[in-house]
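Each remark here refers to the structure printed beneath this line.
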Amino acid sequence: VQNVRVMLSVPRGALLHHPSYGLPIQVGMSTADLDAKEAVGAIRRMLQQDPTFSRVDQVKLQKNGGAAQVAIGVVVAGSDQSIPLSFSF
């Protein structure tokens, strides 16, 4: 959970040597300006590139007023059970 939370807190472009890493979401950003497909794609790519996880079962983003809810299902390497995670922005 902590690994994913840290991953989701990095704004895209914040890491100089990894400019494509991070989310296209920033604090204070309007959800009207949020491209849900782009955000889901970014989350999925980060999870797939992390050796902590052997599989990404789902990534869903739902806009709800001024917030966005992300539901993730991942399988930790060495396990075969999907773990559901959810975060709000």
Side-chain angles (χ1 to χ4, degrees):
V1 174
Q2 182 180 5
N3 188 18
V4 176
R5 182 174 293 163
V6 169
M7 186 182 298
L8 296 179
S9 68
V10 176
R12 181 175 289 158
L15 303 176
L16 295 176
H17 295 290
H18 304 281
S20 64
Y21 185 88
L23 291 183
I25 301 171
Q26 296 182 9
V27 174
M29 178 179 184
S30 169
T31 57
D33 297 330
L34 174 62
D35 182 343
K37 286 185 181 182
E38 181 184 2
V40 166
I43 294 168
R44 185 172 290 280
R45 280 189 301 278
M46 287 189 296
L47 291 168
Q48 289 171 336
Q49 293 173 358
D50 191 321
T52 304
F53 308 108
S54 61
R55 189 174 78 228
V56 180
D57 288 340
Q58 82 168 2
V59 178
K60 293 181 182 179
L61 187 141
Q62 182 177 9
K63 296 180 185 181
N64 187 10
Q69 180 78 22
V70 178
I72 299 170
V74 291
V75 177
V76 176
S79 171
D80 61 350
Q81 186 175 8
S82 185
I83 299 171
L85 304 170
S86 93
F87 300 92
S88 293
F89 296 98

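Since the structure is predicted, the reported quantities are computational estimates derived from the model, not experimental observations. Along the sequence shown, residues are numbered consecutively beginning with 1. Because only heavy atoms are used, hydrogens play no part in the values below, and waters and symmetry mates are left out as well, while side chains stay in.
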CA sep, side-chain torsions, deciding dist, call: Val75, Ile83, side chain to side chain contact (heavy atoms under 4.5 Å, CB included): CA-CA 6 Å; Val75 177; Ile83 299 171; over 6 Å; no

Side chain to side chain contact (heavy atoms under 4.5 Å, CB included) between Arg55 and Asp57, intermediate numbers included: CA-CA 6 Å; Arg55 189 174 78 228; Asp57 288 340; 2.5 Å; yes

Check against side chain to side chain contact (heavy atoms under 4.5 Å, CB included), Met46 and Leu23: CA-CA 9 Å; Met46 287 189 296; Leu23 291 183; 3.6 Å; yes

Stepwise side chain to side chain contact (heavy atoms under 4.5 Å, CB included) check, Ile72 with Val70: CA-CA 6 Å; Ile72 299 170; Val70 178; 3.6 Å; yes

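Val56 is connected to Val1 through a chain of hydrophobic side-chain contacts under 4.5 Å among Ile, Leu, Val, Met, Phe, Trp and Tyr, so both are in one cluster.
Here the shortest heavy-atom pairing between Ala42 and Gly22 reads CB-O, 3.8 Å.
Residues passing the salt bridge (Lys or Arg N to Asp or Glu O under 4.0 Å) test with Asp50: none are found, sequence neighbours excluded. Residues passing the salt bridge (Lys or Arg N to Asp or Glu O under 4.0 Å) test with Arg44: none are found, sequence neighbours excluded.
Counted within 6.0 Å of NZ on Lys63, heavy atoms from surrounding residues, nucleotides or ligands total more than 12; the atom is thus considered enclosed.
Looking only at side-chain heavy atoms (C-beta outward), Arg12 and Tyr21 stay at 4.5 Å or farther from each other. Side-chain contact between Leu47 and Met7 is present, with at least one heavy-atom pair separated by less than 4.5 Å.
Atom NE2 of residue His17 and atom CG of residue Leu15 lie 9.5 Å apart, to the nearest 0.5 angstrom. Annotation: the span from Phe53 atom CZ to Ser82 atom OG amounts to 11.0 Å, rounded to 0.5 Å. Note that OG of Ser88 is 10.0 Å distant from CD of Gln62, once rounded to the nearest 0.5 Å.
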